Amino acid sequence: MLVKNWMTEEVITLEEEEPITRAIQLLKEHQIRRIPITRGGKLVGIVTQTDIKEATPPKFVGVDLKELYDLFFNLKVKDIMTPDPITVSPEDTIEKASVLMLENKISGLPVVNENNYVIGIITQTDIFKLFVQLTGAYFSPYHVALYVSSPYQLPEILEIFKNLQINIYTIFCWRDEFCIDDTCKKRVFIRFQAVEEAKIKEALEKLETKFEIAEFKKDDIKDIPKKLKEEKELLIF
């Protein structure tokens, strides 16, 4: 899974000499949280909503803000940007990008080519889209997770579903986070076809005779709730 297949290619950038007000305008207009900053097209920094909020004059009663706001509106994006941000290549894996974001507590990475030109951006939202695709959440509400001693037991699992004529949409296997050797049990996650309850019950009974069931869940997302109101806009006044 490569970054180039999941990144957002139509990325909005700003040259470093642009005023901070232009960054605010673009963040609001496009409902984005970060803008890569360039010099002659090459990446030199990144500006986020947090950077702008931290640069915004405080609204304290009794403080004359005129001078502060005069200074604020004269700022350029280079004055508040994070220089030399962490980046990824389009040929890097999604796994690498995810670890970089997780370990550095950031939610997005500019994607640059070999000449450091910005060609995209990969964000948490892109990772979420991939995760939903991998787990098959849109295909069926039913999933089951099993403990197995070895991935070589997968054929036994597949045989049970095959004999009951239940289609499998997605299947993957992983080792628990705190497992330090290959003797630990692995988890197998299976998203399978929605069929009549009697057939699902039979499948679970057959699986339980050979494996420990970690969880079985029906998580229908058809009626998933929407957020009640839009997130607060980036306001400085």
Side-chain angles (χ1 to χ4, degrees), residues 1-18 22-52 77-78 80-140 143 145 151 154 167-177 186-191 219 221 224 226-227 231 234:
M1 295 179 289
L2 301 180
V3 167
K4 66 182 180 182
N5 297 323
W6 293 93
M7 70 182 187
T8 300
E9 295 183 7
E10 297 180 359
V11 58
I12 295 168
T13 64
L14 275 177
E15 283 286 295
E16 64 177 347
E17 295 295 331
E18 290 280 352
R22 179 60 176 154
I24 294 169
Q25 178 188 358
L26 289 174
L27 289 170
K28 287 183 179 180
E29 181 180 338
H30 297 279
Q31 296 184 343
I32 53 178
R33 299 180 180 179
R34 62 196 65 79
I35 301 176
I37 307 303
T38 58
R39 180 188 302 141
K42 294 187 177 183
L43 183 72
V44 293
I46 194 165
V47 164
T48 68
Q49 286 185 342
T50 300
D51 295 324
I52 292 176
V77 290
K78 68 179 182 181
I80 66 165
M81 72 181 186
T82 299
D84 302 318
I86 299 170
T87 65
V88 287
S89 157
E91 298 298 328
D92 283 333
T93 64
I94 288 291
E95 295 94 313
K96 178 181 177 180
S98 301
V99 171
L100 283 171
M101 285 191 271
L102 182 65
E103 294 296 327
N104 291 282
K105 296 180 174 61
I106 52 180
S107 58
L109 297 168
V111 183
V112 297
N113 63 16
E114 62 276 9
N115 296 314
N116 210 38
Y117 285 99
V118 180
I119 60 172
I121 194 164
I122 188 85
T123 68
Q124 285 181 338
T125 300
D126 299 314
I127 306 297
F128 292 153
K129 289 177 182 177
L130 173 57
F131 178 76
V132 170
Q133 187 82 359
L134 284 175
T135 59
Y138 285 121
F139 299 114
S140 171
H143 80 256
L154 288 177
N167 292 326
I168 291 176
Y169 293 117
T170 184
I171 181 170
F172 54 90
C173 179
W174 76 94
R175 188 168 59 183
D176 282 342
E177 180 180 1
K186 283 77 176 174
R187 291 196 190 200
V188 175
F189 174 95
I190 304 164
R191 177 80 58 177
D219 51 359
I221 61 172
I224 192 166
K226 305 294 184 181
K227 59 184 179 181
E231 293 182 1
L234 180 61

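Only a predicted model underlies this, so the values are computations on that prediction, with no experimental measurement involved.
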Discussion item. To check you understand the geometry: which heavy-atom pair defines the closest contact between W6 and L130, and what is its length?
Written reply: CZ2-CD1, 3.2 Å
Worksheet item: Side-chain contact, heavy-atom cut-off 4.5 Å: I52 with I24?
Response: yes
Worksheet item: Say you draw a straight line from CD1 of I12 to CD1 of I32; how long is it, rounded to the nearest 0.5 Å?
Response: 4.0 Å
Worksheet item: Just wondering, are more than 12 heavy atoms of other shown residues or ligands nearer than 6.0 Å to CD in E95?
Response: yes
Discussion item. Are there over 12 heavy-atom neighbours, none belonging to E29, within less than 6.0 Å of that residue's CD?
Written reply: yes
Item to complete: Would you name the heavy atoms of P151 and C173 that are closest together and state the gap between them?
Response: CG-SG, 4.4 Å
Discussion item. Are the side chains of S107 and R34 in contact, using a 4.5 Å heavy-atom criterion?
Written reply: yes
Worksheet entry | Minimal non-hydrogen separation, I119 against V11, with atom names | C-CG1, 4.3 Å
Worksheet item: Less than 4.0 Å between a side-chain N and a carboxylate O, is that true for E15 and R39?
Response: no
Worksheet item: Roughly how far, to the nearest 0.5 Å, is OG of S98 from CG of D92?
Response: 11.5 Å
Discussion item. For a 4.5 angstrom cut-off between non-hydrogen side-chain atoms, does I35 reach I46?
Written reply: no
Worksheet item: What is the minimum heavy-atom distance between V3 and A97, and which atoms define it?
Response: CG2-CB, 4.1 Å
Worksheet, complete the sentence: One should read off an interatomic distance between E9 CD and K4 NZ, to the nearest 0.5 angstrom, of 10.5 Å
Discussion item. I need the I190 CD1 to H143 NE2 distance, nearest 0.5 Å.
Written reply: 10.5 Å
Item to complete: May I ask you to test the T13-I37 pair for a side-chain heavy-atom distance under 4.5 Å?
Response: no
Worksheet entry | Side-chain heavy-atom pair V112, S89 within 4.5 angstrom cut-off | no
Worksheet item: Are any non-hydrogen side-chain atoms of V44 and D84 less than 4.5 angstrom apart?
Response: no
Worksheet item: Are T135 and F189 side-chain neighbours, meaning at least one heavy-atom pair lies under 4.5 Å?
Response: yes
Discussion item. Restricting to salt bridge (Lys or Arg N to Asp or Glu O under 4.0 Å), what partner residues turn up for K129, sequence neighbours left out?
Written reply: none
Item to complete: Could you tell me which non-hydrogen atom of I94 sits nearest to which non-hydrogen atom of I127, and how far apart they are?
Response: CG2-CD1, 3.8 Å
Discussion item. Under the ring pair (Phe, Tyr, Trp, His ring centres under 6.0 Å) definition, can you give me all pairs with a residue in residues 116-140, not counting sequence neighbours?
Written reply: F139-Y169
Worksheet, complete the sentence: Residues at least two apart in sequence or cross-chain that pass side chain to side chain contact (heavy atoms under 4.5 Å, CB included) with I86, listed by chain then number, are L100, N104, I106, L109
Practice prompt. Determine the minimum heavy-atom distance between Q124 and M101, stating which atoms define it.
Written response: N-SD, 4.2 Å
Worksheet item: Can you check whether M1 reaches T93 side chain to side chain, under 4.5 Å on heavy atoms?
Response: no
Practice prompt. Test side chain to side chain donor-acceptor pair (under 3.5 Å) on R33 and T123 and set out the steps.
Written response: CA-CA 10 Å; R33 299 180 180 179; T123 68; over 6 Å; no
